[in-house]
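Ligands are counted one by one from 1 in listed order, and the atoms in each one are counted from 1 as well. Residues: numbered from 1 along the sequence shown.
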Amino acid sequence: MEKIKMTTPLVEMDGDEMTRILWKMIKDELLLPFIDLKTDYYDLGLVHRDETGDQVTVDSALATKKYGVAVKCATITPNAARVDEYNLKSMYKSPNGTIRAILDGTVFRAPIVVKGIEPTVKTWKKPITIARHAYGDVYKASEMRIPGAGKAEIVYTDEEGRETRELIHEFDGPGIVQGMHNLDRSIIAFARSCFNYALDTRQDLWFSSKDTISKTYDHTFKDLFQDLFEAEYKEKFEEAGIEYFYTLIDDAVARVIRSAGGYIWACKNYDGDVMSDMLATAFGSLAMMTSVLVAPDGTTEYEAAHGTVQRHYYKHLNGEETSTNSVATIFAWTGALRKRGSLDGIQELVDFADKLEEATIETIENGTMTKDLALITTLDKVNAVNSQDFIKAVRSRLESKL
Ligand code: NAP
Ligand code: MG
């Protein structure tokens with residue numbers, strides 16, 4: 001078979017630990033034999049981020065803006081332990097945070113549903129997609145340790161130098177404060193991408209926040225969503241037979257558990273971070289969740305929703321066998337290849353992505369899976385395999401489809 005040709009490069013962001021190992025296996029076994037893969041490669045592994053003072057992360061985001069489509073491997077967000085482990089020059093920010101701050105937009109996360117992996121929540125019949133705002137709030141906050149008694153205020157200084165102040169707290173002893181922000185334009189872009197995604201996929205859209213407590217901050221989100229909905233989307237939703245509704249985050253949580261699924265749940269940045277792990281786990285496994293960042297200008301970045309699977313990596317380094325699930329990372333690649341193919345009008349690439357996804361799902365549905373899934377499957381005959389053998393099993397199924 002002749003390899004599929006690409007015209008525009010895909011931005012490839014390599015990453016860390018076990019997912020970096022899977023990344024190479026996926027490329028070697030599932031992509032390079034079939035595609036004349038064109039990528040603009042950025043090594044976001046922590047060692048190289050440190051060597052470049054994290055410039056490589058910024059460069060990869062700018063390249064994504066240029067080419068329009070990226071695929072990203074999971075990366076370490078350094079904490080104090082990582083600074084020691086890697087002897088880092090600085091405790092770099094989360095690469096995802098840096099990339100999202102440059103691209104803006106919304107992260108859509110949806111479970112990969114396969115037969116034999118049943119959701120923990122019995123009422124769920126269809127996938128639930130989380131739409132996570134990818135800009136601001138606690139991910140771009142300033143924090144301060146308050147050493148002792150004193151007054152903390154929020155001060156806004158306008159361009160003429162006039163100040164507006166708001167008391168945070170009169171401290172009578174040590175404590176903490178946090179200042180965070182968001183932008184109307186980012187919130188509106190978030191709302192717009194959620195409305196568009198709901199129309200594209202013909203699913204209802206829920207949005208939740210805590211506007212009863214956060215009467216200015218969260219309330220602004222609620223109002224901007226409502227204004228945009230009424231101005232531009234109300235009729236389109238009616239025509240499509242879908243619904244938009246707003247509810248408090250605590251009410252949303254209760255409704256989600258009672259629901260049958262099949263809708264998009266838009267969440268603020270932090271809520272989406274937390275709720276997507278809850279949903280992924282309840283749908284079966286963190287490793288069965290896709291994640292795509294959609295920027296207001298249509299730029300997309302595909303990744304897995306899980307982390308670098310550190311515990312498995314240390315087993316791997318010890319020469320022990322691992323059974324790490326590569327499905328979400330495979331789907332990051334298929335998502336990006338499909339998007340690249342459709343932007344460039346390369347139908348073969350789109351078809352390849354579809355077939356690779358089918359091969360992956362069928363492999364599991366026929367009983368060959370990694371241990372995380374073998375533990376929870378309802379299938380009778382299960383062949384629990386290691387990381388490499390799972391990818392090899394997908395390859396043989398893929399070959400029979402091509
Ligand atoms: P994690 O890598 O998602 O792994 C947590 C646990 O979930 C694993 O120990 C494993 O459970 C299970 N798991 C996750 N993915 C799996 C897979 N593909 N196959 C099988 N099991 C899987 O989260 P973490 O250990 O909290 O974080 C490790 C590093 O990842 C951190 O440095 C963090 O900064 C980074 N991180 C990166 C991203 C990103 O780049 N998008 C997101 C989250 C975290 P068992 O150990 O029980 O098998
Ligand atoms: Mg998270």
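- Within the listing of ligand 1, atoms 40 (O) sit less than 4.0 angstrom from a heavy atom of A74.
- Among residues at least two apart or in separate chains, there is no ring pair (Phe, Tyr, Trp, His ring centres under 6.0 Å) pair with a member in residues 46-89.
- The aromatic ring centroids of W333 and Y302 lie 6.0 Å or more from each other.
- Of all the atoms in ligand 1, the ones that sit under 4.0 Å from a non-hydrogen atom of G307 are 1 (P), 2 (O), 3 (O), 30 (O), 36 (N), 37 (C), 38 (C), 42 (C), 43 (C), 44 (C).
- Considering backbone and side-chain atoms alike, T77 places an N or O below 3.5 Å from some N or O of ligand 1.
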Please determine whether side chain to side chain contact (heavy atoms under 4.5 Å, CB included) holds for the pair D50 and V47, giving the CA-CA distance in whole Å, both sets of side-chain angles, and the decisive distance to 0.1 Å. CA-CA 5 Å; D50 194 40; V47 173; 5.9 Å; no
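- At a heavy-atom distance under 4.0 Å, only side-chain atoms of K72, from C-beta outward, approach ligand 1.
- Sorted by first and then second residue, the salt bridge (Lys or Arg N to Asp or Glu O under 4.0 Å) pairs with a member in residues 253-263 read D251-R255; sequence neighbours excluded.
- Considering only non-hydrogen atoms, atom 17 (C) of ligand 1 lies nearest to A287 out of S323, A81, A287.
- Any N or O atom pair closer than 3.5 Å counts here, and N96 shares at least one such pair with ligand 1.
- Applying ring pair (Phe, Tyr, Trp, His ring centres under 6.0 Å) to H181 and the options Y217, Y156, Y135 leaves one that passes, Y135.
- Close N/O approach between A304 and ligand 1 is not found [any backbone or side-chain N/O within under 3.5 Å].
- One option in H312, R311, M18 has a heavy atom closer to atom 10 (C) of ligand 1 than any other, and that option is H312.
- Listed by number with element, the atoms of ligand 1 under 4.0 Å from a non-hydrogen atom of E303 are 41 (N).
- Note: F34 and F352 have tilted aromatic rings, judged against thresholds of 30 and 60 degrees for the angle between ring planes.
- Residue contacts with ligand 1, taken as heavy atom pairs separated by less than 4.0 Å, involve H306 via backbone and side-chain atoms alike.
- Heavy atoms of other residues, nucleotides or ligands lying less than 6.0 angstrom from NZ of K66 number 12 at most.
- Not one N or O of T324 is nearer than 3.5 Å to an N or O of ligand 1, by distance alone.
- At least one heavy atom of R82 sits under 4.0 Å from some atom of ligand 1.
- Here atom 7 (O) of ligand 1 lies nearest to L286 when heavy atoms of L286, I76, D277 are compared.
- Residue V309 places at least one N or O, backbone or side chain, under 3.5 Å from an N or O of ligand 1.
- The residue from I99, N325, T322 that puts a heavy atom closest to atom 18 (N) of ligand 1 is N325.
- Ring geometry for Y244 versus F229: interplanar angle of 30 to 60°, hence tilted.
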